[in-house]
Amino acid sequence: MSAEKFHLEAAEALTAWYNSHKRDLPWRLDRDPYHILVSEAMLQQTQVERVKSFYARWMERFPTLTSLASASEDDVLACWQGLGYYSRARNLRRAARLVSGAGLKTLPADEEFLRSLPGLGPYTVGAVCSIAFDLPVPAIDGNVRRVFSRLLDMPDDPARAKGTALIAAHAAAILKLGSPHILTQAFMELGATVCTPGTTCQCGQCPVSRLCAAQAAGTQAQRPVSTRRNVVERRRGAALLILVPHGCAVRRRPAGGLWSRFYEIPWLRGEADESAESCLSRLTAELRLTAPCLDLELEETLKFTCWQVRLHLWSCRMLQPPAGCDAFSADELADFPMPAGLKRLVQKALGESGEKQLELFPPVR
DNA sequence: GACTCGTGGTC
DNA sequence: TGACCAAGAGT
């Protein structure tokens, strides 16, 4: 089959399929560029179901690009709290301020300008241009890579530059044969609901299975080929819930790096094979604590791409927070940007509103 | 290109 | 349960 025929048949089949099979999603009620941008930022490396409630809350809090531009970073982070990859929220706010500062009330249909905004990479620019502005700019995400790696039965990793360029060329050619806003979402919808990873794909439901080289060769489960390996290093660690008269001691993380400027209870990640108890003694030394610590026998694992830490929680009582920390009540803490794992740990210990605070560490008589 | 940046769900 | 996954971007 010629490339032209392949592109035309794909465009027609995907358009018809999308129009009858698309899911109702909150960000598909209209094609407002701000709505598209926020949803695409939230959907980066994040599942649709998880994004739904965050998107609704965000639009209630920051209904327009202008309202986002005038919001404080703390308010923006509080709204993003729990979604992860917080640079997405910071960049979204910075982008809104740049657009607003340029005298615009909404995003312009300008690929180059959009690409210059923080947080808008090749994928997001493609998504906004094609979905909001109906321009034939391809948006290549994990779904689209999987769909095309199967359609073309690609023997190499489609995430590499060469593979992505090949996919972008095919996708752009197809977008030009129909409505870009429909076809871009059709690629992703297909990858999300039919052309799913490994053996879970449902080729019987696929509108383009007839065009699929992997389907013909029976290699669907082997596509896409992945060359990335990840070694996850496991560590133990200690966290300390320091109870003070009006709450517990919380410190603020430095700017840059992991959880930039987030709040946290003091914790420490151990070296390789270090015990949680050893981590605790290093942590108390660092905080210059002399009060005795109570083992709360609570643990929580913080997981990341390259490492994870199993945190063990201790508690102690002090009359005032140690240097570098401030006192906050459990209620106040609930609205603070704080790593989700640490928040869970604190809630396990204190309960939703701190009602366990006294029973968990009875004062010495 | 390789590494970092969160979180929760799946099989 | 551990490895992998989910609508990527910045450095």
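Below, chains carry the letters A, B, ... as their sequence lines are ordered, and counting in each starts from 1.
Of the candidate nucleotides dG8(C), dT7(B), dG1(B), dG1(B) has the atom nearest to the side chain of Ala161(A). Between dA3(C), dA6(C), dT7(B), one nucleotide has an atom nearer to the side chain of Arg146(A) than all others, and that is dA6(C). The listed nucleotides are dT7(B), dA6(C), dA2(B); the one nearest the side chain of Arg160(A) is dA2(B). Here dG6(B) is the nucleotide among dG6(B), dA6(C), dG8(C) with the atom lying nearest to any side-chain atom of Trp259(A). With distances taken from any side-chain atom of Pro339(A) to the nucleotides dC5(C), dT7(B), dG8(C), the minimum falls on dT7(B). Of the candidates dC5(B), dG8(B), dA9(C), dC5(B) carries the atom nearest the Thr305(A) side chain, counting heavy atoms from C-beta on. Among the nucleotides dA6(C), dT7(B), dC5(B), the one closest to the side chain of Arg50(A) is dT7(B). Considering only side-chain atoms of Asn91(A), the nucleotide from dG1(B), dG6(B), dG10(C) that sits closest is dG10(C). Distance from the side chain of Tyr123(A) is smallest to dA9(C) among dA6(C), dT7(B), dA9(C).
As judged by a 4.0 angstrom heavy-atom cut-off over every strand, Ala127(A) is placed among residues making no nucleic acid contact. Among the heavy atoms of the strands, none lies under 4.0 Å from Gly198(A).
At the phosphate of dA6(C), neither OP1 nor OP2 sits under 4.0 Å from any side-chain N or O atom of Arg88(A). Under 4.0 angstrom from either OP1 or OP2 of dG6(B) there lies no side-chain N or O belonging to Trp307(A).
Between the C1' atoms of dG1(B) and dA6(C), the separation comes to 22 Å (whole Å). Taking the P atoms as reference points, dT1(C) lies 26 Å from dG6(B), given to the whole Å.
By the criterion of side-chain heavy atoms lying less than 4.5 angstrom apart, applied directly or through intervening Ile, Leu, Val, Met, Phe, Trp or Tyr residues, Phe54(A) is not grouped with Tyr85(A); the two fall into different hydrophobic clusters.
Look at CD on Gln44(A): it is 11 Å from C1' on dG10(C), rounded to the nearest Å. Counting to the nearest Å, the P atom of dA9(C) and the CE atom of Met42(A) are 16 Å from each other. Following rounding to the nearest Å, Leu83(A) (CG) and dG8(B) (C1') show an atom-to-atom distance of 10 Å.
Here the rule is salt bridge (charged side-chain N to carboxylate O under 4.0 Å, His left out) with Glu73(A), and of Arg261(A), Arg94(A), Arg97(A) only Arg261(A) fits it.
Using a 30° and 60° split on the angle between ring planes, Tyr55(A) and His35(A) fall in the perpendicular class, above 60°.
Contact annotation: side chain of Thr46(A) to base of dG8(B), donor-acceptor pair absent below 3.5 Å.
Take the nearest nucleotide of DNA chain B for Leu302(A) and for Cys306(A): the residue whose nucleotide is more 5' is Cys306(A). Remark on DNA chain B: of its neighbouring residues Gln47(A) and Ser87(A), the 5'-side contact belongs to Ser87(A), judged by nearest-heavy-atom nucleotide.
Closest approach of Pro292(A) to Cys316(A), counting heavy atoms only: O-CB, 3.3 Å.
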Arg282(A) vs Glu286(A), salt bridge (Lys or Arg N to Asp or Glu O under 4.0 Å): CA-CA, chis, key distance, verdict: CA-CA 6 Å; Arg282(A) 285 206 290 133; Glu286(A) 180 188 309; over 6 Å; no
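Both tests pass for Arg269(A) against the ring of Trp307(A): distance under 6.0 Å to the centre and angle within 45° of the axis.
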